[in-house]
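Notes to accompany the following structure.
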Amino acid sequence: MQTLQTSDGVSTPEVERHPGQTRRRRLSQVIATASPYWLAAAGMTATVAFASTVHGRVPFGSGVAVALLTVAALVDVSERRLPDAIVGAAAMAFAVCIGLETATGKTEVSVVELTAGVAAFGGPLFVVHLVTPSAMGFGD
């Protein structure tokens with residue numbers, strides 16, 4: 001087993017998992033060592049995601065999900081993995097917010113439109129995963 005030098009300068013033994021995959025770092029370590037450009041891009045993306053919900057055409061749940069997924073993107077850039085906990089939290093936040101918005105009548109987006117959006121963006125990724133599972137992790 002070889003020793004790896006992490007970006008924070010600490011030598012750690014490689015954890016035996018998949019070939020080429022190293023020890024997972026805490027989210028705080030990922031953010032602390034991220035490039036300022038990636039942090040700025042993530043901050044701007046989250047800001048635009050929330051700002052786009054102001055007029056009600058984009059559901060607030062979408063803004064919350066995109067903001068959470070920007071954090072997942074920082075981890076992906078740094079470690080080449082998408083953390084299931086963050087992706088799951090984004091999906092759950094989206095579902096809860098959309099449910100509340102629909103129940104209170106605060107969104108103009110119908111269930112059909114939401115389903116079509118999910119199918120349009122997630123469908124091709126799902127097909128790629130089914131055809132060639134090694135080409136894309138199911139979390140991607």
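No side-chain donor-acceptor contact under 3.5 Å links S62 to the backbone of V58. With T102 contributing its side chain and G99 its backbone, the two residues share no donor-acceptor pair below 3.5 Å. Judged purely by atom type and a 3.5 angstrom limit, T104 uses its side chain to pair as donor or acceptor with the backbone of L100. Between the side chain of Q29 and the main chain of R26, a donor-acceptor pair closer than 3.5 Å is present. Counting only distance, with no hydrogens or angles, the side chain of T47 and the backbone of G43 share a donor-acceptor pair below 3.5 Å.
Here F60 pairs with F50 under the ring-ring contact (aromatic ring centres under 6.0 Å, His included) rule; sequence neighbours left out.
Residues P83 and I86 are in side-chain contact: their nearest non-hydrogen atoms beyond the backbone lie under 4.5 Å apart.
Between P59 and E101 the shortest heavy-atom distance is CB-OE1, 3.5 Å.
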Residues 64-72 side chain polar contacts: donor-acceptor under 3.5 Å, at least two apart:
residue	atom	partner	partner atom	Å
T70	OG1	A67	O	2.5

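The CD atom of E79 sits 11.0 Å away from atom CG of L74, with the distance rounded to the nearest 0.5 Å.
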